[in-house]
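Remember, predicted model here, so these are calculated numbers, not experimental data. Just so you know, ligand 1 is whichever comes first in the structure, and atom 1 is the first atom listed for that ligand.
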Amino acid sequence: MERTLSIVKPDGVSKNLIGEVIKRFEENGLKVVGLKMISMDKKEAEGFYAVHRGKPFFESLTTFMSSGPSVVMVLEGEGAISKTRELMGATDPKQAKEGTLRCQFATNIERNVVHGSDGPETAAFEIGYFFNALEIFSP
Ligand code: UDP
Ligand code: MG
C-alpha cells in the first residue's frame, strides 16, 4: 500500500473546502490514515518547500503557506501518489482538467487549494515532516 501526503492549503481552509477535498479522496478509494490542522510559520513552510528554494515563486509561496491554518493528511491506497495528483489536477488551474479540485476551486497557480506529494521519496520526506509513527493509523 502506497502512502502520500496531502495538504488543504490556507486558501482551501478559508474557502470551507476541507470536507470537499477529503470527500473527493475518500470517494476515490484513498484512506485517510493521518490527519491534523496546523499553522506553519514561515520557516516551516520554507523547510517543507525546500526543493523550490531559489525559484521566483518561493518567497510568495512560503508567505502564502504560512498565512493561516492548513490541514495536513496522510493518504493510503493503491497508487495513492498518482491518484491524489490526478484528483488535484495541474498546478495551474487554467491547465487543470475539468472536474479536478484545482480546476473547480483554485484561485490561481499559487492559491491552488491542495498539495500532493509527487513521488515516493518526496512522500516519505513530506509525511515525516508533519507526522510521527504514532500519528498514523494503518491496519
Ligand atoms: N507555485 C507558484 N507558481 C508557480 C509554480 C508553483 O506559486 O509558477 C506554487 C503552487 O502553490 C504549487 C507550489 O508552488 O502548488 C509547488 O509547486 P510545484 O511545481 O511542486 O506544483 P505542485 O506539485 O503543487 O502541483
Ligand atoms: Mg510539487
Kindly compute the distance separating CD (Q95) from CZ (R102), expressed to the nearest 0.5 Å.
-> 12.0 Å
So does E27 have more than 12 non-hydrogen atoms from other groups sitting under 6.0 Å from CD?
->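 Enclosed: over 12 neighbouring heavy atoms sit under 6.0 Å from CD of E27.
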Does the side chain of V32 reach to within under 4.5 Å of the side chain of I22, using non-hydrogen atoms?
-> yes
Side chain proximity check, M88 to N112, heavy atoms < 4.5 angstrom | no
Scan residues 30-52 for pairs that pass salt bridge (Lys or Arg N to Asp or Glu O under 4.0 Å), counting only residues two or more places apart or in two chains.
-> K36-E135, K42-E46, K42-E59, K43-E46, E46-R53
Protein residues near ligand 1, heavy-atom distance below 4.0 Å?
->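 Within the 4.0 Å shell of ligand 1, which is judged on heavy atoms, sit K9, Y49, H52, F57, L61, R85, T91, R102, I109, E110, N112.
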Once the angle between the rings of H115 and Y49 is folded into 0 to 90°, is it parallel (under 30°), tilted (30 to 60°) or perpendicular (over 60°)?
-> perpendicular
